[in-house]
Amino acid sequence: LQAKAKTKASRRGNHTDNGTKKSSISAWLMPGAAVAIVAICFGICYQNFAKDTIRNEQVVLAPANQSFIEPTQRQFECAKAYTAELRHLRPDCLPASCGRFVHYGIATEAEAAALLALAKRGFALGGGSGGATILDLHSGALSLGQKFVNVYTVDGRNGGRGFVPTESERRLYAGVVNRIRLAVAAAFKVSNAESLRLTKPTFFSRLTSAEARTQHDEYWHSHVDKDTYGSFHYTSLLYLANYGTDFTGGRFLFLDSNGTSTAFVEPRTGRVSAFTSGSENTHRVERVTSGQRFALTIAFTCDPAAAIDPSAMGG
Ligand SMILES: O=C(O)CCC(=O)C(=O)O
Ligand SMILES: [Fe+2]
């Protein structure tokens, strides 16, 4: 994992974002590796494109930079490269239009609490030395200091790092993944929901205001998930902490092509934010200024070769 992380870090050095370096967190998350991170939310403000919600509630248009607290959805055109890739891969996985939504009720508060407990049990076995700690449920990659360990393969008796999700935690995770998958397919009017498959990395993140020690800690850079993670076509975030009480800062910002924030999401326990993963949804997470921000990243791919089994924790 360390080697992979280093490879990622070096690759990352080649990326630019308006002349500045790109997210280090993004670097960890590249395929095969450990993981990475970051965060955020889902806001909104594409008032010109507002259309409807997945429940057909009336949408209240908001001025730029205002967040949406109630379930809501925005639709707009996909980036050309995104559409071209999906059309080639699997046309029945294409969204009717690209967009983003924020929703409650996909996971109950009790379920979010149980997932947070699972995350904390894993994080207790490691912890990054900077502001970002991630635990990839699929690969087992866990931040430890400035490196990563594998919580599944490290011998718990010798290393004290055995991580064993219970059967009920495995079922909970797989159930939440499935519900989000169906919500994403419905929201974006994907003609064949079965064409959407979970992909990696799928990880818990804990973000704080601690000073960055490695590039992986720099979770606040602007990025496009499709570019960062390769296999992501639909990104979802299940938040496990509350903006304003558990932590400050740390909102999820959607950015326009000038890098200006046009909408944001305030993380709230149980809130699910989901969006198509192309450059139509360029985003970043604000730096956390106090407290701890917990989230679970669950993403879906249209590429059968990049699909993973939600119950296959540890590979
Ligand atoms: O945690 C979040 O709200 C967003 C994280 C993010 O952008 C990412 O992991 O790529
Ligand atoms: Fe992202």
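Read the numbers this way: they start at 1 and go in the same order the structure lists the ligands and their atoms. Predicted model, so just to flag it, every value in this text is computed and none were measured.
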**Request:** Give a rough value, rounded to 10 degrees, for the angle at the Fe ion (ligand 2) between atoms NE2 of His223 and NE2 of His283.
**Result:** 90°

Heavy-atom closest pair, residues [X] and [Y]:
X	Y	value
Thr202	His138	CG2-CB, 3.9 Å
Tyr219	Val288	OH-N, 2.8 Å
Ser231	Ala306	CB-CB, 3.5 Å
Lys226	Gly278	CB-CA, 4.2 Å

**Item:** Winner among Phe275, Tyr229, Trp220 once heavy atoms are compared against atom 8 (C) of ligand 1
**Value:** Tyr229

**Prompt:** With sequence neighbours excluded, what pairs up with Asp92 under the salt bridge (charged side-chain N to carboxylate O under 4.0 Å, His left out) test?
**Reply:** Arg90

**Item:** Atoms in ligand 1 flagged as close to His223, the criterion being non-hydrogen separation under 4.0 Å
**Value:** 6 (C), 7 (O), 8 (C), 10 (O)

**Prompt:** Which ligand 1 atoms does Leu237 reach within 4.0 Å, using its non-hydrogen atoms?
**Reply:** 1 (O), 2 (C), 3 (O), 4 (C)

**Asked** Asp225: which N/O/S atom is nearest the Fe ion (ligand 2)?
**Response** OD1

Could you tell me whether [X] approaches ligand 1 through its side chain, its backbone, both or neither, with non-hydrogen atoms closer than 4.0 Å?
X	answer
Arg284	neither
Phe203	side chain
Leu207	neither
Tyr219	neither

**Asked** For Ile106, does its backbone N or O pair with a side-chain atom of Arg179 as donor and acceptor, under 3.5 Å?
**Response** yes

**Carboxylate-amine/guanidinium proximity below 4.0 Å for Glu194 and Arg181** = yes

**Message:** In this structure, does ligand 1 have an atom that sits under 4.0 Å from one of the heavy atoms of Asp225?
**Reply:** yes

